[in-house]
Structures are given as C-alpha cells and as structure tokens.
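First the structure, in the form of structure tokens, and then the observations on it.
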Amino acid sequence: MNVLLIGSGGREHALAWRLAQSPALHTLYAAPGNPGIARHATIAALDPSNHRMIVDFCRRETIGLVVIGPEQPLVEGLADTLRAAGVPVFGPGKAAAQLEGSKGFTKDLCARANIPTAAYFRVTSKDGALAALDDLGGRAVIKADGLAAGKGVTVALTRAEAEAAIDALFADGPAEAVIEEVLEGEEASLFVLTDGNAAVAFGSAQDHKRVGDGDTGPNTGGMGAYSPADVLTPVLEQQAIDTIVRPTIAAMAAAGTPFSGVLYAGLMLTADGPKLIEYNVRFGDPECQVLMTRFTGDLVALLLAVAEGRLADTAAPVFSDAIALTVVMAARGYPGTHETGGAISGIETAESTGAVVFQAGTREADGAIVASGGRVLAVTGTGGDISSAQAAAYRGVVAIDFPTGFARRDIGWRAIERAASVVATGEN
Ligand code: AMP
Ligand code: GLY
C-alpha cells in the first residue's frame, strides 16, 4: 500500500520511521517533509492547505492511507475532504478537531458530560475576565481560545500576574478566552486511538514544557519527553480512560461528529484523581518520538484500522517494556527569536551509540544539514529503566555537534527522583 504522511516536524519523522517498517507498505510519500523524513519517504511537493491538490495526488499515486501529523490541517478540515473523496485518513475531521481548536468547545463538552476538569468561565471582554478572576479568588489560568501552540496560556498565581495577562489578551479589543481554576498536581499525557466507537490506549508520556533545567523559564512546545509516564499508574490510567476519554468519545459520537484518530489527553493528576487540562487531536511532539520508539507493531495496519473504523476487530497495540526518552536540541534563542542556519553534524555518530535522531527543524544546504526551526532535533534513547534511557539519549546528544544549539540536561528528572526515592525508602 502507498501511504501519504502530512507534516514536517520531529513527530512526523518518528511516524515516517515507524511507518517505513510496516510490511504492508509499498511507497511512503511525505509532504512537505524534512531531510530526516526524506530518509524514509519520497518527498512530494504538495501544499497541505491545498486540499484539492492533496486529493488529486492521492488519486494519481493510489494512496491507500493518509496520515495527518499536525493540528493545523486537521482544524482546516483536510480529513473531511479526503474522506469525502473516499481516501482513508488517520485524523479527525474539522468538527471533531474542535477538541483542540477551541478550548471553550472542550470545556463546554466536559461540563455537559460531567468530565473532571478545572472550573472555568468563557469570557469575551476584559470586564468578564476580571469578574471570573474574582470568582476564582484571584488565581487563575488565562487561555486564549483557538490554536496557540501552547503559547496562549498564562498560569497566574497572583492577582497582579492574572491582571497583566488579561490586559495583554484584551489589548486589541474583544477576544474569546477561557479563565479557569489553577489545578495542582503532576502532569502526564495519555494517548488513545479511537475510530469513533472503539478505543484503545496507546501509551503515556511526560513532556517537559519549560525551556530551562528544573522546569524554569518560558513555555515551549516541549523540550523532551519520556514514555511510559510512571506517575500515571495503571489504576490512574484506567480512571482517566473511564472518566475522561470514553465519555468524550461517546459525547462526540452522540453529537454526530465522531472523533477518529489519536486523542491526546493532557492530564493533571490531582489529589481528587486525574483531571483534563486539554485535548490535542494528534500525537504530541516530542511525545510521538518516544511512543514510536516503544511501539513494536505494524503501524500502517493499525492506523488503517482506525481510519476504516475496524479498531474493535484489531489486536491491541504492542509496546516494548523499555523506557524511551527523548531530548530536544533547540536553536539558541528558542522559544523567542532563534538563530537559523546553524550547522549540524554528528547525527551518524550519535546513531552509532544506539540513539535515534529525529529531525524537526532542519533543512539541507549544500549537502549538509542545518537548523531551520526552533526545535531542531529530538535525540532518543531507550533503556531498561529511566536512568539508563536518559544516559542513552544523552550519549547521543553529546555526539551531536550543533554549536548554535542547546538542550536541557535533566529530561526525565521527575521519574529519576521517584526511582531514587523508591530505592531510598525500600518501597516497590
Ligand atoms: P494548555 O495549552 O491548555 O495545555 O496549557 C499549557 C500548560 O499550562 C499546561 O501544560 C499546564 O502546564 C498549564 N495549565 C493549563 N491549564 C492549567 C490549569 N487549569 N491548572 C494548572 N496548570 C494549567
Ligand atoms: N509537546 C506538546 C504538544 O505536542 O502539544
């Protein structure tokens, strides 16, 4: 079968790497792709926002499955256009993609379906926002509605911080926003594949959103991740599936907009159990890199079963017992204005240590790889425990020569501290 993968980041490199290992695959195409993806796929000169162009390509190249990596084309309805043209597609349509595209939509759905999440107010004016802040006791999370790549969120622990965020949000007049209660706990991400009816867990991960060691500095798209997230114990995972994910899938189906694809639940593990922070309607980046490293099955067959609504008749996905950990190497200045064009070498050396190097923001210049984005590489290692997975990833990182880049040095620290405290107290 021929498969078309849409996207150009580290997540899509990981998908391409795993899709290319499927026995059923004939040719993998990718658009727009990147030099890492090009190691596994034929790059097609297609614009993902030109839906007609994508459908024509699928017909011409007899594409049997389209896998859509990023949220933007999903929110723009690319999956709907492909489905209408009879092309199997992994990823939700526009209506179901609102679970990520509109925070207000998701909060209202949670309220209707009694799904545990932070208390919230939807507001459209500064006065409304300030009133909501009063109701929440002066501490609040302020979120712009719509896709904001994780940057439209301020967790304000004081009234002054909250008011500054509200001022900034309404600086240009009315806007759609959600003001919500600050949840306390540790965060974990849960991935569930669903074809709209059946659902199957597809692993967990913990992301590192802040740019600096010790979780300091501004928020980013993610500086590293590991899987599984040990803090999400099997009991908590089941609780999250039963109280959050399944009711969401049922509510979407009942509304006539079934969700098909991967539902990525960002959870806060509070003293009262898991609560939903947000949904994403695609794999996480860099979470996908660690999930794909651990997934050992036939990815084309599995994603096609989701696309064709056959998940109930498909064997559950199989993962290796190893821990996978990925470290993002970013361009200096990220998440602010960052340098581009920085030289990168040593990818092969890094891979000879056993690490897998997924490329995110890279391009080819005169036969060499240079940085072209904020997050540039995701260097991934595996091990029998979290410390050896971390060591394996950093063996790869030190082998990379990227003078204008940087990486966090502590990816996995929460799990490593937990493992150390278990040893210290003799628990198991
Ligand atoms: P979001 O874009 O909704 O995922 O928010 C980005 C980040 O803000 C999350 O990963 C959390 O770290 C934090 N956050 C969002 N909502 C809350 C909340 N209600 N309580 C505490 N932290 C939150
Ligand atoms: N790493 C966070 C995300 O993909 O949204």
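Both ligands and their constituent atoms are indexed starting at 1 by order of listing. One is the number of the first residue; the rest follow in order along the sequence.
Within 4.0 Å of ligand 2, protein heavy atoms belong to Asp207, Gly221, Tyr264, Asn280, Arg282, Gly284, Asp285, Pro286, Glu287, listed by chain and number.
For the pair Leu302 and Pro317, the tightest heavy-atom approach, listed with the atom from each and the gap, is CD2-CB, 4.0 Å. Listed here is the closest heavy atom pair of Ser204 and Phe191: CA-CD1, 4.4 Å. The two residues Val398 and Arg395 make their nearest non-hydrogen contact at CG2-O, 3.4 Å. When all heavy atoms are compared, the tightest approach of Ala330 to Met223 is CB-CE, 4.1 Å. In terms of heavy atoms, Ser8 sits closest to Gly33 at CB-O, 3.3 Å.
Counting atoms of ligand 1 from 1 in the listed order, those under 4.0 Å from a heavy atom of Met268 are 21 (C), 22 (N). Listed by atom number, the atoms of ligand 1 under 4.0 Å from Val182 heavy atoms are 20 (N). Taking a cut-off of under 4.0 Å to the non-hydrogen atoms of Lys209, the atoms of ligand 1 that pass are 10 (O). Close approach of ligand 1 to Ala118 (heavy-atom distance below 4.0 Å) involves ligand atoms 19 (N). Heavy-atom contacts of Glu180 reach the following atoms of ligand 1: 16 (N), 17 (C), 18 (C), 19 (N) (cutoff under 4.0 Å). Near Glu181, meaning under 4.0 Å from one of its heavy atoms, ligand 1 places the atoms 18 (C), 19 (N), 20 (N).
Relative ring orientation between Phe57 and Tyr29 is described as perpendicular, the plane-to-plane angle rising above 60° on a 0-90° scale split at 30° and 60°.
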Less than 3.5 Å apart, which donor and acceptor atoms pair up between the side chains of residues 104-114 and the rest of the protein, not counting sequence neighbours?
residue	atom	partner	partner atom	Å
Thr106	OG1	Leu99	O	2.7
Thr106	OG1	Ser102	O	3.4
Lys107	NZ	Thr117	OG1	2.8
Lys107	NZ	Ala118	O	2.8
Lys107	NZ	Glu180	OE1	3.3
Asp108	OD1	Tyr120	OH	2.8
Asp108	OD2	Arg122	NH1	2.5

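Among Leu157, Val153, Thr117, the residue whose heavy atom lies nearest to atom 7 (C) of ligand 1 is Val153. Nearest to atom 21 (C) of ligand 1 by heavy atom, out of Thr270, Leu183, Asn219, is Leu183.
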Exercise for review: Could you check Leu15 against Met292 for side chain to side chain contact (heavy atoms under 4.5 Å, CB included), going step by step and ending with a plain yes or no?
Suggested key: CA-CA 7 Å; Leu15 288 169; Met292 290 304 140; 3.7 Å; yes
